[in-house]
Amino acid sequence: MSNQQKVVVITGASQGIGEALVKAYCDANFRVVANSRTISESNDPHVLKVAGDIAKGRRQKMTP
């Protein structure tokens with residue numbers, strides 16, 4: 001077995017499915033990086049909350 005800590009990045013983590021995933025991964029002993037456009041601070045030392053919109057920025061045009 002590995003002693004390395006597993007980390008998961010979850011977008012849309014402020015509500016709904018994303019919020020439930022944060023809780024589920026924390027319960028499974030993962031460290032979590034939680035991202036959302038509007039996200040509150042966390043008192044959980046295993047959760048790093050990062051406000052931001054991953055859809056903004058450079059976009060590439062999809063070609064068929």
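We number each residue from 1, following the sequence as shown.
For the atom pair NZ (K6) and CG (N29), the distance works out to 10.0 Å, reported to the nearest 0.5 Å. In this structure, K49 NZ and S42 OG are separated by 5.0 Å, a value rounded to the nearest 0.5 Å. We find the CZ-CD1 distance between F30 and I10 to be 9.5 Å, quoted to the nearest 0.5 Å.
Among pairs with a residue in residues 7-27, those fulfilling salt bridge (Lys or Arg N to Asp or Glu O under 4.0 Å) read K23-D27, at least two apart in sequence or across chains.
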Given T11 and S36, is the side-chain contact (heavy atoms from CB on, under 4.5 Å) satisfied, shown in steps? CA-CA 6 Å; T11 61; S36 181; over 6 Å; no
I'd like to know whether V7 forms a side-chain contact (heavy atoms from CB on, under 4.5 Å) with V33, so could you lay out the CA-CA distance, the side-chain angles of the two residues, the decisive distance to 0.1 Å, and finally the verdict. CA-CA 7 Å; V7 178; V33 178; 4.2 Å; yes
Kindly indicate, with the supporting measurements, whether the criterion side-chain contact (heavy atoms from CB on, under 4.5 Å) is fulfilled by V50 and I39. CA-CA 7 Å; V50 180; I39 196 162; over 6 Å; no
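Between N35 and A51, the closest heavy-atom pair is ND2-C, 4.1 Å. Considering every non-hydrogen atom in both A34 and V47, the closest pair reads CB-CG1, 4.3 Å.
In this structure, D53 contributes its side chain and R37 its backbone to no donor-acceptor pair below 3.5 Å. With Q15 contributing its side chain and A20 its backbone, the two residues share no donor-acceptor pair below 3.5 Å.
Taken together through direct or relayed side-chain contacts under 4.5 Å among Ile, Leu, Val, Met, Phe, Trp and Tyr, I17 and V9 form parts of separate hydrophobic clusters.
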